[in-house]
Amino acid sequence: MTGFWELIAVIVVLSAPAVLPLLMTIGLRAELLFLAPLCGALLAAVSATLTLEIAATPMVWFLTLASSVNVAAVAILVRRGRRTGDTIAHGICQRLGLAVRGGRVEAVTAAAIAMACTLPLVGPLSSVRVDWDGRSIWLLHARWLYSGHDYLAAAVANPVFTFSHPEYPPAVPSAVAIGWQVTGGVDLRLGQLIIAVLNACAYALLGCAVVRCAGRVRTPVGIVLGGVLTAAAFGASFGHGAGRFYAGDGYADVLGAGCAAAAVLYGLVVPRSRSSLVISLLLALLAGSTKNEDLPVAVFVVLAVLLRYSWPLSWRVRLLARPAIAGGVLVGVLLSWPVLARLAGAETVNEPSLSILLNPGTAIDLRLGPTIDALRDQLALLPYVAALALLALLALRAPRRAAGLGSSLWVWSAIACSLVSLVVTYLTGPYQIDFWLATSVDRTTILARLLLLSEGVVWLVVILSRLSETVPAAYARWHVAPAGGNALSLLQLPQFLTARGLGRWRRSARRNPDSRGTG
Amino acid sequence: MLPIRIPPSVIARAGAVLLIAATGLALAIVGVGLHDTQGVSVTPTDTERNAAGVALFDIYACREEQFRSVVPQGASVYIDETSDEPYQRLAEFASSWAIPTTNRSMATVVVHVVGDPNGCGGVSVVAEPQ
């Protein structure tokens with residue numbers, strides 16, 4: 001059982017620094033359980049950048065940053081306490097007391113989503129498996145980080161390691177390196193498990209976002225569909241090869257894609273709130289710090305979220321300055337590792353060739369066709385989701401807006417951003433295109449598949465919410481006429497939907513046409 | 001007696017969250033089989049196992065142990081391989097142990113793999129002093 005307790009220790013260490021700051025910003029919500037380890041990974045990524053640029057090991061910076069963040073959080077509590085005359089502990093308890101309103105719902109949400117992301121991992125994680133990129137990129141970088149500044153700086157600039165893409169973002173390797181520093185040795189199995197847990201947390205947040213889309217009134221619908229989306233996301237993580245399951249084999253694609261998709265949902269779809277804003281920006285930062293392919297989408301999410309939350313824009317400099325500065329800082333954080341790694345001498349084998357874009361022709365002819373074909377194969381879901389979205393947009397735009405949900409066009413913009421950046425990458429990259437597509441396109445399109453699935457599920461939430469409003473309302477008028485409109489719930493829906501109930505409703509509606517269609 | 005009073009509902013709800021989280025963890029312990037870590041650490045004590053017929057993962061763990069036994073710690077290593085698989089694995093094994101270099105004349109040790117039926121998966125890591 002050593003491996004299990006080591007994993008628990010690592011997840012606790014990764015999560016601990018984020019608990020108090022998250023409690024203060026998002027409250028005691030289901031998301032806290034899944035977001036805390038991811039925040040630890042984000043903190044680890046910043047630690048890796050500092051390790052490369054300055055000195056020491058990721059663990060030293062991780063502890064420094066964790067202490068700083070928590071000291072700042074306590075300072076804010078003390079300041080608030082002085083203002084209100086309360087002690088710190090009282091302030092925390094007050095905030096907790098406010099936060100746990102609806103705690104049962106949060107607990108059920110957390111449990112349901114946790115189950116939905118645990119069960120698909122049961123089989124794959126029972127065997128030790130670290131596939132090619134896991135060994136040659138992510139866990140290799142973790143070894144460099146584990147060895148500290150001197151080795152890291154030498155390795156990043158060492159041409160022997162060009163195959164390993166030293167400029168790739170550091171979130172996954174640094175989280176693993178911190179795990180190894182906690183347990184005291186390089187252990188690839190532990191690395192596989194840490195990455196799998198982070199992947200599961202990202203997918204869990206996708207499910208939680210759906211719960212938030214459903215709102216407080218229709219939480220059961222949200223929990224069921226959130227669980228379905230989480231499980232379906234794992235389904236979207238299978239590769240072409242036999243037994244390729246990217247959520248459990250040491251690859252970073254799932255974490256990047258899961259965080260980016262959840263950032264899109266929280267920032268651009270879930271009704272506007274401070275907690276959704278915080279979750280979205282944190283996830284966008286982590287997505288951009290995990291995989292190069294997700295960086296364009298992460299930048300898009302940061303800018304789009306700040307636009308959505310600043311809307312309607314005020315052109316007064318004072319009001320516009322804050323989101324502009326926030327956007328600049330966040331994009332700066334996202335670009336820090338790629339820029340600093342290049343400055344430290346990192347070379348990569350897939351340097352884009354911009355001359356291909358400037359002088360199209362043969363290269364476009366040779367590369368564009370196979371790329372589009374491969375993307376079409378991977379995105380078989382696209383026409384169906386597009387048709388559903390188009391129909392729903394025509395019929396249910398008003399209820400979606402009334403529920404406070406962001407426009408569907410945001411999600412499609414994110415999908416377009418992801419696909420355009422992929423096409424440009426495949427067109428300008430140096431590899432033989434057929435080999436490159438065969439070995440990567442099933443991973444690089446995970447984000448687009450997740451966004452398509454999410455778009456479909458969010459529309460399902462809107463449709464079911466609409467049904468649960470209209471059908472029980474009609475039933476109430478006909479049959480029960482309860483004292484309070486809220487007495488009817490989804491639990492009564494199956495009873496009403498029996499043939500007898502529907503038949504009686506139809507007969508009644510025929511007898512009394514005035515009551516029809518007004519629910 | 002604490003100077004503050006925690007509302008019972010807070011305790012009950014926090015307890016419910018912990019209970020459900022514990023249920024999830026219990027499921028993870030039973031189902032995921034996280035206890036199967038035998039022979040996957042690169043530390044010598046954990047890798048003493050028979051590599052024949054087991055997964056590629058274990059073969060690599062064995063080769064890494066071989067690498068460490070034939071290459072002195074901190075040595076400058078030239079990897080004399082042209083195909084991806086042995087080259088990348090040897091570079092991986094060299095990480096945090098030795099310093100790989102692309103300049104053969106600067107290296108103190110040259111490593112490559114040979115087909116050895118008694119080695120890990122039929123291949124052994126060989127190091128030659130430069």
Side-chain angles (χ1 to χ4, degrees), chain A residues 1-4 6-8 28 30 32-33 86-87 89-90 93 96-97 99-104 106-108 110-111 114-115 118-119 121-123 125-130 132 135-136 139-140 143-144 146-147 151 154-155 158-161 163-164 184-190 192-193 196, chain B residues 2-7 9-21 23-25 27-43 45-46 54-58 60-61 64 77-79 84-85 87-97 99-103:
Chain A
M1 298 298 286
T2 316
F4 174 76
E6 285 173 349
L7 178 65
I8 294 296
L28 192 61
L32 183 71
L33 186 66
D86 293 331
T87 60
H90 187 76
C93 281
L96 270 179
V100 294
R101 274 184 197 165
R104 235 174 304 170
E106 296 301 324
V108 171
M115 291 297 165
T118 305
L119 294 178
L121 283 172
V122 167
L125 286 193
S126 61
S127 63
V128 179
R129 179 156 193 170
V130 181
W132 191 280
R135 294 196 78 111
S136 288
L139 296 183
L140 180 56
R143 288 177 188 247
W144 304 343
Y146 177 75
S147 302
Y151 200 95
N158 191 336
V160 168
F161 292 121
F163 70 85
S164 176
V186 171
D187 185 340
L188 302 190
R189 167 64 164 169
L190 184 62
Q192 179 205 4
L193 294 176
Chain B
L2 285 170
I4 51 163
R5 197 173 50 186
I6 300 172
S9 60
V10 171
I11 297 169
R13 285 165 184 172
V17 171
L18 286 176
L19 192 67
I20 291 172
T23 311
L25 289 178
L27 185 79
I29 295 169
V30 174
V32 181
L34 299 180
H35 56 282
D36 181 21
T37 55
Q38 189 188 13
V40 296
S41 164
V42 297
T43 54
T45 49
D46 288 340
V54 297
L56 188 61
F57 189 97
D58 296 315
Y60 285 144
E64 179 163 10
V77 177
Y78 178 78
I79 300 165
D84 282 348
E85 195 271 339
Y87 183 89
Q88 294 191 12
R89 291 295 73 79
L90 290 175
E92 180 193 349
F93 302 153
S95 290
S96 72
W97 180 261
I99 301 159
T101 175
T102 49
N103 188 344

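Scope of the values below: all heavy atoms of this structure, side chains included, with no hydrogens, waters or symmetry mates. Labels below follow one simple rule: chain letters A, B, ... track the order of the sequence lines, proteins then strands, and each chain is numbered from 1.
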Chemist: Taking C-beta and beyond as the side chain, do A/Ser136 and B/Arg89 meet within less than 4.5 Å on heavy atoms?
Modeler: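 Sidechains of B/Arg89 and A/Ser136: in contact.
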
Chemist: Just verifying a value: how many Å separate B/Glu85 CD and A/Trp132 CH2, rounded to the nearest 0.5 Å?
Modeler: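 If we round to the nearest 0.5 Å, B/Glu85:CD and A/Trp132:CH2 are 5.5 Å apart.
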
Chemist: In Å, rounded to the nearest 0.5 Å, how long is the span from OG of B/Ser96 to CH2 of A/Trp144?
Modeler: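 CH2 of A/Trp144 is found 11.5 Å from OG of B/Ser96.
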
Chemist: Grab the two heavy atoms, one from B/Glu92 and one from A/Leu188, that are nearest each other, plus how far apart they are.
Modeler: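 Between these two residues, the closest heavy atoms are OE2-CD1, 4.0 Å.
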
Chemist: Is there a donor-acceptor contact under 3.5 Å from the side chain of A/Asn158 to the main chain of B/Thr101?
Modeler: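 Flag not set: sc A/Asn158 to bb B/Thr101 has no pair under 3.5 Å.
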
Chemist: Does A/Arg135 count as lying over the ring of B/Phe57, i.e. NZ or CZ under 6.0 Å from the six-ring centre, within 45 degrees of the axis?
Modeler: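 Judged by the rule, A/Arg135 and B/Phe57 form a cation-pi pair.
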
Chemist: Looking at B/Trp97 and A/Tyr151, what are the two nearest heavy atoms and their distance?
Modeler: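 Shortest heavy-atom contact: N-OH, 4.4 Å.
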
Chemist: Where is the tightest heavy-atom contact between A/Phe161 and B/Ser95, given as atom of each residue plus distance?
Modeler: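 Closest heavy-atom pair between A/Phe161 and B/Ser95: CZ-OG, 3.4 Å.
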
Chemist: Which pair of non-hydrogen atoms, one from A/Pro159 and one from B/Thr102, has the smallest distance, and what is that distance?
Modeler: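 Answer, listing the atom of A/Pro159 first, then B/Thr102: CG-OG1, 3.8 Å.
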
Chemist: Quick one: closest heavy-atom pair of B/Ala91 and A/Val160, and the distance?
Modeler: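 Residues B/Ala91 and A/Val160, closest heavy atoms: CB-CG1, 4.2 Å.
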
